[in-house]
Asks: 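Would you mind keeping the following structure in view while I ask a few things?
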Amino acid sequence: MLFHNSRDLQYRAPQGAMPSGGAVTLRARSSIPDARVLLRTWWAGSSTEYEMRRTERDLFEISLNLPAQPGLMWYYFIEDCGASRAYYGNAADGLGGSGEMRDTEPPSFQITVYDGAFKTPEWMREGIMYQVMVDRFCEGKPRAQKSLSADAHYHKDWSEPPELNLGDDYANVCNDFFGGDLEGLRKKLPYLSRLGVTVLYLNPIFRSRSNHKYDTGDYESIDPGFGTLEDFRALCRSAKRVGIRIVLDGVFSHVGSDSRYFNREGTYPDLGAYQSPKSPYYSWFDFRKYPDDYDCWWGIKTLPNVREMEPSHYEYIVSGENAIAHRYLEEGAYGWRLDVADELPMPFLRGLRRRVKEKNGACLIGEVWEDPSNKVAYGETRSYCLGDTLDSTMNYPLRDALLAFMLGEINAHALVRQLDSQRENLPAPFYYSMLNLLGSHDRPRAINVLAGEKDLSPIRALRRATKLSGEAYALGKKRYVAAFRFLCALPGMPCIYYGDEAGVQGMDDPFNRATFPWGREDVELTREIHEILSERHHSHALKTGMVKFFAASDDVVCVLREIRGTDAFGKKYPHERVLCVLNRAEAPISFDLFASHIELYGMSSRNIRL
């Protein structure tokens, strides 16, 4: 029998992701006296087999030089008894740590080999992000000064629920608006600053037909319903004065059919690709049978896909002197969040990174819903954390695991495995910059999920506006505060989806996109979130300290953040030790840990200075 634990220094040193050109020592124990132990590795599609050296009666060791280029190295062990072979590899869940014996070739352990020069902006790992859908946040200018498309309309009442779009062509019928704009957002910067926000992520703001703006009509224009380019500049200037950076949503995998580039509806004066093969944009699109049969995003005809690496498109978005990715950084933005980043070609992402990084301190964040170190997309394994593409991704795996724990679907030990797997697979610059979230525009409101509501219907027509009962809301709120405090104790950049701190409710799109309830906020909830953010802001350990996870029981999970003179990036700070304990059980708990007696109410979390 073999044994190896990828998260134990006795078996793998150093731990975690490694810079290219470094070295790693791997060890395994065998309980069979005469066995040979072999290590098999994979790199760039080819395998190599090594015989390991016996260093003790049952311990085998090998030291390897890692490749000079970034990538993923995979390995497992073979116990050779002459007449038979047994294998030891990763556990069935692929999350690393202690593995499993098998009679056949097992899943491999992973070593992420990244560019040693990889750095991410310091403000990411120390920041607090707030995500806003502009139309739903605050109305600043009178509606008479703004224009919408001919078939769009404003709600008369700011507090009305969003409309359910029943059309077959979903993206084309999201045409109800509330009047939120950039000026309204600018006026609410003092509120966001007091809350503790340092980064403002805006869902798309460029001209388009829909309310969600993921069907870009013109990258060169701010949507007239939101304001003007000067309004955007004013927002960036005002935000900078209160210590807030603006990050924009970049939708570069597709555009709207109602756009200057495709122009199926004839709205724009430009000659669009749908109108003529002589259009300057014709080569951007893949027509199977011109003009009505074309490649589109997830089959939605109002969202024609673009050929990202087509030279004129690449120049327009990435490489040109006044390319879109560059010009809005010059206007005051500090980076991009990339919609469906895992659907963009890797060469496109690499080029985009090079261009974005021309501005000192700018970031590139990707929408990737799985482990960003080993995402399989379009038949290939893609790693977004090697230092050549993204700075971080939206941490949906963390969201899903944390909510599952709070709802009793997994226990604390399973949650720790998920947390440890991220810590092991992701390079520190990437890991400490992850966009950690509980809510987003693509998921039901966290407070509804934590209250026990589930969206059981995939049919949009059966979705409806819901309102939690007082008892259910109290339960969801209590769980949300506990989970959010734990989230803010983790490495990464905590993110609040607008209104979550005010008690906004809603299930799936569009009901998770309701307006901010100005004057009707849950003031107690807002105060609690402010206190959590303030505690993180004033703690170097909670931002960049070393981290360790452990389960105190099935219902109690702990994260220890610690600075012993220097943080995870070598910066000098005073010694600091903070333990965050999360109890999901309804009953209070009391236990001793690190010579400290800890008491915690049911369904709550607490930070303890040790």
Asks: Treating S47 as the side-chain partner and W42 as the backbone partner, does any N or O pair qualify as donor plus acceptor under 3.5 Å?
Replies: no
Asks: With the side chain counted from C-beta on, respond yes when L468 and N448 share a heavy-atom pair under 4.5 Å apart, and no when they do not.
Replies: yes
Asks: Please tell me whether F252 and W336 form a close aromatic pair, meaning their ring centres lie under 6.0 Å apart.
Replies: yes
Asks: Under a 3.5 Å threshold, yes or no: a donor from one side chain and an acceptor from the other, between E160 and W158?
Replies: no
Asks: In terms of relative ring orientation, are Y497 and H441 parallel, tilted or perpendicular, with 30° and 60° separating the classes?
Replies: tilted
Asks: What class does the angle between the rings of Y191 and F516 fall in, given that below 30° is parallel, 30 to 60° is tilted and above 60° is perpendicular?
Replies: perpendicular
Asks: Hey, which of Y274, Y316, Y281 is the one that makes side chain to side chain donor-acceptor pair (under 3.5 Å) with Y261?
Replies: Y316
Asks: Indicate whether the side chain of D342 and that of Y378 have a donor and an acceptor atom separated by less than 3.5 Å.
Replies: no
Asks: Side chains of D135 and N211: donor-acceptor distance under 3.5 Å anywhere?
Replies: no
Asks: Closer than 3.5 angstrom, by distance alone: can the side chain of D391 be matched with the main-chain N or O of L364 as a donor-acceptor pair?
Replies: yes
Asks: Taking everything shown except E380 itself, do over 12 heavy atoms lie less than 6.0 Å from its CD?
Replies: yes
Asks: Using the six-membered ring wherever Trp is involved, compare the ring planes of Y154 and F177 and label them parallel, tilted or perpendicular (cut-offs 30° and 60°).
Replies: perpendicular
Asks: Quick one: are the ring centres of W518 and F137 less than 6.0 Å apart?
Replies: yes
Asks: Run the ring-centre check on W284 versus F262 and record whether the distance is less than 6.0 Å.
Replies: no
Asks: Looking just at side-chain N and O atoms, do R307 and Y314 make a donor-acceptor pair shorter than 3.5 Å?
Replies: no
Asks: Do Y130 and E501 have side-chain atoms, one donor and one acceptor, less than 3.5 Å apart?
Replies: yes
Asks: Once the angle between the rings of H155 and F178 is folded into 0 to 90°, is it parallel (under 30°), tilted (30 to 60°) or perpendicular (over 60°)?
Replies: parallel
Asks: Going by the angle between their ring planes, with limits at 30° and 60°, are Y114 and F118 parallel, tilted or perpendicular?
Replies: perpendicular
